[in-house]
Amino acid sequence: MSKIRAAITAIESHLPDYVLTNDILEQMVDTSEEWITTRTGIKTRHILRGEGKGTSDMGAEAVKGLLEKRGIKPEEVDLFLCSTVTPDMKFPATANIISDKTGIKNAFSYDINAACSGFLYTLVTAAMFIESGKYRKVVVVGADKMSSIIDYTDRQTCVLFGDGASAVLLEPTTEDVGVMDHIFQSDGSGMIHLHMKAGGSVKPPSHETVDAREHYVYQEGKAVFKFAVANMADVSVDIMKRNNLSSDDISFLVPHQANMRIIEAVGKRMCLDKSQIMINIQRYGNTTNATIPLCLWDYENQLKKGDNLILSAFGGGFTWGAIWLKWAYDPPA
Ligand code: ACO
C-alpha cells in the first residue's frame with residue numbers, strides 16, 4: 001500500500017483592518033522610517049483594535065474563509081490545532097474557542113506554543129495525525145495578536161510585530177506531494193534572550209509586574225539575530241542535503257518573517273536567487289505564528305502542484321526547524 005502523506009489542500013488568512021505605518025511609529029517612539037526599513041525591511045503591520053477582540057477573532061475569520069474556500073462544512077473537520085503565543089486566555093485553549101466560533105464540533109482541539117516556530121511544529125503534528133490514517137480533515141491555524149504583548153514605548157520591539165491569522169487544511173494523499181520531511185530543534189537555554197518576564201507561574205501578575213512593564217516581549221535583538229541566522233540557515237541547508245535537493249530544485253524558501261536581513265542571509269546560504277524567496281515582511285511585520293502561512297497565502301497563485309518548498313523558522317525558546325513540503329495543487333481558477 002502506498003504511504004499516506006498530509007497535503008495542504010486549501011489556505012486562507014485574515015488581517016485586521018487597521019494599518020500601523022512607520023510614519024505613525026515615528027510619532028510614538030524615537031525611531032525613523034529609514035532605521036526601520038534598513039534594519040528590518042518592515043513598512044506596515046496590521047493591528048487588531050477594539051474592546052474584547054482577541055486572537056480567536058482573527059483565527060475564526062481565517063478558518064471560516066478556509067472552509068468556505070474548500071467547500072466543506074465545519075462538522076467535517078476531525079482535528080483542529082492552533083499555534084499561538086497570544087492565546088485569548090491562559091485557558092481554555094484558543095483552539096477550543098475558535099472551534100466554538102466556527103461550528104467545528106466533531107473535532108478535538110488544542111493549542112501548541114513554540115513561539116515563531118509554532119506553525120511548523122503544529123503543521124508536522126497535524127501531518128502525523130493524517131499519516132496515521134485515522135484523521136482525514138485537519139485544520140491548523142497560526143494566529144497572534146502580538147500587539148497585546150508589545151510595549152509601544154519600547155522602540156526595540158514595537159516596530160517589529162503585527163497581528164494576523166492564517167489557516168490551512170490538511171488532507172490525506174497517496175500522491176508524491178505533501179509534508180515530505182522535517183528537522184526540528186530546540187534549546188531552552190536561549191530563554192534568557194527572548195521571553196516575557198511575568199504572567200506565568202514563576203511570576204504571576206501583580207501591581208509590581210504591571211508597573212515594571214513585565215507583561216511584554218523582552219528581546220535581546222542582537223543575540224537573537226545571531227542565533228536566528230545561523231540556525232535557520234543550518235537547518236534549511238541540512239534538509240536540502242538530506243533529501244538530495246539542489247537550489248535549482250527549490251521553487252521557494254518560505255521563511256519566518258522576522259527581519260529582512262535574516263531572510264536574505266538564509267537564502268544566500270541555500271544558494272537561492274531572491275526570486276525563490278517568499279517575502280511579505282514589508283506589509284505585515286512579524287506576526288509570529290502567522291508569518292509562514294501568510295506567505296503561502298500571498299504566493300498561492302504562483303504555486304504549482306509538485307513545487308518543492310522549504311519552510312524555515314526560528315523563534316523564542318529557542319525553537320527552530322525546517323520542513324520540506326511538496327505543494328499539492330495548481331493555482332485556483
Ligand atoms: N529605531 C531607531 N533606533 C533603534 C531602534 C528603532 N526602532 N531599535 C533599536 N535602535 C538602536 C539601538 O538602540 C542601538 O543604538 P546604540 O547603538 O546607540 O545602542 C542601534 O539601534 C542598534 O541596535 P541593535 O539592536 O544592534 O540593532 P540590530 O541591527 O541588531 O536590529 C533587530 C535590531 C531588528 C531587533 C534585530 O536584532 C533582529 O531582527 N533580531 C532578531 C529578531 C528575531 O528573529 N526574533 C525571533 C522571532 S520573535 C519570537 O519568537 C516572538
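Here, residue 1 is the first one in the sequence, and each next residue gets the next number. Everything numeric here is computed off the predicted structure, so don't read it as measured data. One-based numbering, in listed order, for ligands and for the atoms of each.
From the protein, the heavy atom lying nearest to atom 48 (S) of ligand 1 is Cys116 SG, 3.2 Å. The single protein non-hydrogen atom nearest to atom 9 (C) of ligand 1 is Trp35 CZ2, 3.5 Å, given as residue, atom name and distance. Counting protein heavy atoms only, atom 12 (C) of ligand 1 is closest to Arg155 NH2, 3.8 Å. Remark: minimum distance from atom 40 (N) of ligand 1 to any protein heavy atom is reached at Gly221 O, 3.1 Å. Remark: minimum distance from atom 31 (O) of ligand 1 to any protein heavy atom is reached at Arg261 NH2, 3.4 Å. Scanning the protein heavy atoms around atom 46 (C) of ligand 1, the nearest turns out to be Val224 CG1, 3.6 Å. Shortest contact from atom 36 (C) of ligand 1 to any protein heavy atom: Asn259 ND2, 3.8 Å. At the shortest separation from atom 24 (P) of ligand 1 among protein heavy atoms lies Lys222 NZ, 4.3 Å.
Below 3.5 Å of separation, one finds an N or O of Thr31 facing an N or O of ligand 1. In terms of polar-atom proximity, defined here as any N/O pair under 3.5 Å, His256 makes no such contact with ligand 1. Every N/O-N/O distance between Ser32 and ligand 1 stays at or above 3.5 Å. Residue Gln219 has at least one N or O atom closer than 3.5 Å to an N or O atom of ligand 1. Ligand 1 has no nitrogen or oxygen under 3.5 angstrom from a nitrogen or oxygen of Met146. Among the atoms of Ala115, none of the N or O lies under 3.5 angstrom from an N or O of ligand 1.
Under 4.0 Å is where a charged nitrogen must lie from a carboxylate oxygen, and between Lys305 and Glu175 at least one such pair does. Using a 4.0 Å cut-off between charged side-chain N and carboxylate O, Arg49 and Asp17 make no salt bridge. A salt bridge does not link Asp100 with Lys105: every distance from a Lys NZ or Arg NE/NH1/NH2 to an Asp or Glu carboxylate oxygen is 4.0 Å or more. Salt bridge Asp88/Lys145: absent, no basic N to carboxylate O contact under 4.0 Å. Looking at Lys64 and Glu61, a side-chain N of the basic residue comes within less than 4.0 Å of a carboxylate O on the acidic one, giving a salt bridge. Ionic pairing of Glu214 and Lys203 is present here: one or more N-O contacts between side-chain nitrogen and carboxylate oxygen are shorter than 4.0 angstrom. With respect to Lys137 and Asp78, no salt bridge is recorded, no charged nitrogen being found less than 4.0 Å from a carboxylate O. Here Glu12 does not pair with Arg70 in a salt bridge; the nearest charged N to carboxylate O distance is not below 4.0 Å. With respect to the salt-bridge test (charged N to carboxylate O, under 4.0 angstrom), the residues Glu34 and Arg39 do not qualify. Salt-bridge check for Asp163 with Arg45: failed, with every basic side-chain N at 4.0 Å or more from each acidic carboxylate O.
Numbered from 1 in the order shown, with element, the atoms of ligand 1 that lie under 4.0 Å from a heavy atom of Arg39 read 29 (O). Of all atoms in ligand 1, numbered sequentially from 1 with element shown, those under 4.0 Å from a heavy atom of Thr40 are 34 (C). The contact set between ligand 1 and Ala258, taken as ligand atoms under 4.0 Å from a residue heavy atom, comprises 43 (C), 44 (O). Near Asn286, the atoms of ligand 1 lying under 4.0 angstrom from a non-hydrogen atom of the residue are 47 (C), 48 (S).
Aromatic rings from Phe227 and Phe314 are positioned such that their centres are separated by 6.0 Å or more.
By the definition of a contact as any protein heavy atom under 4.0 Å away, atom 18 (O) of ligand 1 is not in contact. Atom 14 (C) of ligand 1 lies below 4.0 Å from none of the non-hydrogen atoms of the protein.
Side-chain contact, Tyr218 with Gln156: no donor N or O sits under 3.5 Å from an acceptor N or O.
Ile36 does not count as a contact of ligand 1, since none of its heavy atoms falls under 4.0 Å from the ligand.
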